[in-house]
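Heads up: the structure comes next, in structure tokens.
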Amino acid sequence: MTETTIPLLPCRTSLIEAAVAFYTALGFETTYLQKSPYAYAVVQRGSIELQLYGMKDYDPASSHSGCYVLTDDVDGLHTAFRAGLKAAYGRIPARGLPRIGPLKDMSYGVRQFLMTDPTGNTIRIGQPISEDPNHRPAPKETFARALHMADLFADSKQDLSGAAKIIDRVLGLTDEHPTPVQKLRLLVLRGDIAQRMGDAERAAELLEEAAAVSLGAGERDAAADALSRLTDLRS
């Protein structure tokens, strides 16, 4: 026997065409689109199939809907999706709706990124990088631990205010100091969170500070994901 699971994702009725356009930009084919008697759409890219159903009063801003897609080439999909979105929107949408997030190595053995469509559905795309799916123990070092916990709060738990508090606390320390790579990553994540929370002025300050962090050649390699995200957030 062969079974297939197909996610059914809610969509504000008036935004179903915008959602379809978003997935089209990502390389999905629209295999079904119905506008009446109710809105419904099916999009597919290879073995990934998503079905969207319309709800008249659905609020994208409060959506918690989504699904997880496992792949064996997360970096390739991230690059392809960013290129498709830039071609469709004239920029890579890093904040608001829709948006695409950065690549991150998570503590549960997956390298992943998140993208959110115009109607608030968050699709997580991940690739296992470890045979152990359990959470790694939180680091003991102050700034590594803060990054570990803030990443979990912001992406896995989607508790933005909780993540912001973690970062603000360690950035305010005077008796300990992060490495340049840690400082950059903390500032970029905090700036990302500020943008997602609608605080554009604070986000600009944080990202400006992040851009001023001096990195050596080896440090730039270690911070490649954060530097890429910084470029997106400042564009």
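Basis for what follows: all heavy atoms, side chains included, without hydrogens, waters or symmetry-related copies.
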Say you draw a straight line from [atom1] of [X] to [atom2] of [Y]; how long is it, rounded to the nearest 0.5 Å?
X: Leu97; Y: Thr119; atom1: CG; atom2: OG1; result: 8.5 Å
X: Gln44; Y: Thr30; atom1: CD; atom2: OG1; result: 11.0 Å
X: Ile193; Y: Asp155; atom1: CD1; atom2: CG; result: 8.5 Å
X: Met115; Y: Arg99; atom1: CE; atom2: CZ; result: 12.0 Å
X: Leu206; Y: Leu171; atom1: CG; atom2: CG; result: 8.0 Å
X: Leu227; Y: Arg220; atom1: CG; atom2: CZ; result: 5.0 Å

| query | Should the pair Arg111-Asp225 be classified as a salt bridge under the 4.0 Å nitrogen-to-oxygen rule? | reply |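 Asp225 and Arg111: salt-bridged.
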
| query | So, are Arg190 and Asp168 salt-bridged, with charged N and O less than 4.0 Å apart? | reply |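 Salt bridge present between Arg190 and Asp168.
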
Do [X] and [Y] have side chains that approach each other closer than 4.5 Å (heavy atoms only, starting at C-beta)?
X: Met106; Y: Leu152; answer: yes
X: Thr142; Y: Leu173; answer: yes
X: Cys11; Y: Glu17; answer: no

Closest approach of [X] to [Y] (non-hydrogen atoms, all atoms of both residues):
X: Pro139; Y: Arg145; answer: O-CB, 3.1 Å
X: Gly126; Y: Val110; answer: CA-CG1, 3.7 Å
X: Phe143; Y: His177; answer: CE1-C, 3.3 Å
X: Ile100; Y: Arg82; answer: CD1-CG, 4.1 Å

| For the hydrophobic clusters of this structure (ILVMFWY residues joined by side-chain heavy atoms under 4.5 Å, transitively), does one cluster hold both Tyr108 and Leu103? |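 Each belongs to a different hydrophobic cluster.
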
| said: Parallel, tilted or perpendicular, judged at 30° and 60°: which one describes the rings of Phe113 and Phe81? | reply: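 Correct class here is perpendicular.
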
| message | Please enumerate all residues that pass salt bridge (charged side-chain N to carboxylate O under 4.0 Å, His left out) together with Arg202, with sequence neighbours excluded. | response |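 Scan of Arg202 (salt bridge (charged side-chain N to carboxylate O under 4.0 Å, His left out), adjacent residues dropped) gives Glu205.
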
| Is there a salt bridge (Lys or Arg N to Asp or Glu O under 4.0 Å) between Asp151 and Arg185 once you walk through the steps? | CA-CA 10 Å; Asp151 267 336; Arg185 290 182 60 198; 3.8 Å; yes

| message | For Glu201, I'd like to know if atom CD has over 12 heavy atoms of other residues, nucleotides or ligands within 6.0 Å. | response |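 No - once you tally the heavy atoms of other residues, nucleotides and ligands closer than 6.0 Å, there are 12 at most.
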
| task | Please answer whether the main-chain N or O of Tyr38 pairs with a side-chain N or O of Gln34 as donor and acceptor at a distance below 3.5 Å. | result |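 Yes, Gln34 side chain to Tyr38 backbone: donor-acceptor pair under 3.5 Å.
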
Tabulate below the donor-acceptor pairs under 3.5 Å that side-chain atoms of residues 49-62 make, not counting sequence neighbours, or state none.
unit_1	atom_1	unit_2	atom_2	d
Glu49	OE2	Gln51	NE2	2.9
Gln51	OE1	Tyr40	OH	2.6
Tyr58	OH	Ser63	OG	2.8
Tyr58	OH	Ser65	OG	3.4
Asp59	OD1	Ala61	N	3.1
Asp59	OD2	Ser62	OG	3.3
Ser62	OG	Asp59	O	3.2

